[in-house]
Amino acid sequence: MAWKVGTAMAVLLGFVGVGGGVGDGADPRRDGWRATYRPPATIPFPAENPYTPAKAELGRRLFFDPILSGDGTRSCATCHVPNLAWGDGRARAATRQQGDMDLRTPTLLNIAWQDGPLGWDGKFHSLEAVAAMPLTAPGNMNLPMPDALGRLSADPSYAAAFATAFSDPDVTRERLEAALATFQRLIVADAAPFDRWIAGSEDAISEAAKSGFDLFNGRAGCAGCHSGWSFTDNSFHDIGVGVGTDTGRGRLKPTSVALTYAFKTPTLREVGRRGPYMHDGSVATLDAVIDLYDRGGIERPSRSRSIKPLHLSAAERANLLAFLATLSTSTGQDLTTVSFAELPPAP
Ligand code: HEC
Ligand code: HEC
């Protein structure tokens, strides 16, 4: 009898040692998880606003052109800076008067795959619908829409570019929005070390990062929200960050407890280069982000049930950070010079 128990124990211990995520062993679910991070083959463009090189070219020009601000000092790229992973590196975006807005500038990486509402609180129903707000807001670009359309129509090279892109010379709000959105859908995260690992190159990331990946998908539950190739479910959750009247999606959905203090799950692409973090820039470093998840944020009725104290060991924290580091490239992508005529169009 004693012998039998002993054998059973040995078999169990052996099983845990190989597959249970103990020590250096891989989680047995790792390969299944890996399969969920394969990159998509093409960029999705909506049927109402299909891709054309001429529209993308016009959209790029508009995105970088301060002609779209009242006093000619700001463009979309003032805050969505390509070399800063399409954010601005600030805790909160700067107003025209150099004060702080309420929100941090989000990256535009992989915006084409955000099929739900946009903005930290989901105030925008589509990518096309975003542009008019920064453009016309007095604290931001401060250019009323009729003035924007008037300026572009009066500029012969813009008039020609609209005529080429839309087979018609009229400069309308709808076309301005369509061109800007077409350009932004081309802002796609470059392949990072993580992607080379997903593609099968075992040496592309460290063993620590692989353990961090197991934790991210397993016990820490990060992938419940930061899911798939773009590391977001495009949905809204309270992770215990916002306080006071900063209720996020709750302002738009006042009857929902779960949406009080809920903000959109951000992509984690290039995350190492995009601090400070969160909708309000309140968390300075990735180390501090891990602290926050380890504590479990502010406990309250709206907090997501997936968020709870994790009690991570020092090694687990280091592994999670090593994993997050594999989501950044060293250079980022240069859409300022790429030729759209040579880019593969959507199907
Ligand atoms: C002053 C800095 C600033 C400028 C200039 C600016 N933005 Fe933004 N952008 C922000 C901030 C802050 C947010 C978050 C707004 C919110 O959540 O309500 C944002 C949000 C967005 C989003 C939504 C992203 C997401 O993940 O939900 C898009 C798209 C966008 N901006 C495009 C543009 C375009 C196009 C222009 C030019 C017409 C522009 N922005 C100009 C700061 C800026
Ligand atoms: C319940 C859904 C959910 C879970 C689980 C979750 N996150 Fe998040 N994550 C979010 C949301 C929502 C935000 C934005 C919150 C805000 O801005 O106030 C966020 C923000 C972040 C940020 C900051 C990104 C940026 O651009 O500001 C990082 C990094 C991050 N999460 C990593 C993790 C890690 C690591 C885990 C696991 C330990 C995890 N998340 C678990 C939903 C989640």
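Ligands are counted one by one from 1 in listed order, and the atoms in each one are counted from 1 as well.
Close approach of ligand 1 to M101 is summarised as follows: ligand atoms under 4.0 Å from at least one heavy atom of the residue are 1 (C). Close approach of ligand 1 to A94 (heavy-atom distance below 4.0 Å) involves ligand atoms 1 (C). Against a heavy-atom cut-off of under 4.0 Å, I111 is close to the following atoms of ligand 1: 24 (C), 25 (C), 26 (O). Every atom of ligand 1 is numbered from 1 in the order shown, and the set under 4.0 Å from a heavy atom of S75 is 5 (C). Every atom of ligand 1 with a heavy atom of R74 under 4.0 Å away is listed here by number and element: 1 (C).
Considering backbone and side-chain atoms alike, H80 places an N or O below 3.5 Å from some N or O of ligand 1. Looking at C79 next to ligand 1, no N or O pair under 3.5 Å apart turns up. When only interatomic distances are considered, the shortest N/O to N/O separation between K123 and ligand 1 falls below 3.5 Å.
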Going through the checks in order, is the side chain to side chain donor-acceptor pair (under 3.5 Å) test met by N234 and D115? CA-CA 7 Å; N234 297 322; D115 46 12; 3.2 Å; yes
Between I205 and R196, does a side-chain contact (heavy atoms from CB on, under 4.5 Å) hold up when you go through it step by step? CA-CA 8 Å; I205 69 173; R196 289 191 277 286; over 6 Å; no
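Between Y37 and the options W197, F231, W229, a ring pair (Phe, Tyr, Trp, His ring centres under 6.0 Å) holds for only F231.
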Are there any protein N or O atoms under 3.5 Å from the N or O atoms of ligand 2? List them with distances, or say none.
from, atom 1, to, atom 2, distance (Å)
ligand 2, 7 (N), H226, NE2, 2.9
ligand 2, 7 (N), Y293, OH, 2.7
ligand 2, 9 (N), H226, NE2, 2.9
ligand 2, 9 (N), Y293, OH, 2.7
ligand 2, 17 (O), H279, N, 2.6
ligand 2, 17 (O), H279, ND1, 3.2
ligand 2, 18 (O), H279, ND1, 2.7
ligand 2, 26 (O), R104, NH2, 3.2
ligand 2, 26 (O), R274, NH1, 3.0
ligand 2, 27 (O), R104, NH1, 2.9
ligand 2, 27 (O), M278, N, 2.7
ligand 2, 31 (N), H226, NE2, 2.9
ligand 2, 31 (N), Y293, OH, 2.7
ligand 2, 40 (N), H226, NE2, 2.9
ligand 2, 40 (N), Y293, OH, 2.8

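Residues T329 and D190 have side chains that never bring a donor and an acceptor to within less than 3.5 angstrom of each other.
A distance of 8.0 Å separates CG in L68 from CZ in R151, rounded to the nearest 0.5 Å. Note that the CD1 atom of I187 and the CZ atom of R60 stand 11.0 Å from one another [nearest 0.5 Å].
Residue A77 places no heavy atom under 4.0 Å from ligand 1.
The aromatic rings of W33 and F213 sit perpendicular to each other, their planes meeting at more than 60°, with 30° as the lower class boundary.
At distances below 3.5 Å, at least one donor-acceptor pair connects side-chain atoms of W120 with backbone N or O atoms of R104.
Proximity of I43 to L186: side-chain heavy atoms (C-beta onward) are separated by under 4.5 Å at one or more points.
Stacking of R175 on the aromatic ring of F162 is not recorded, the 6.0 Å distance cut-off and the 45° axial limit not both being met.
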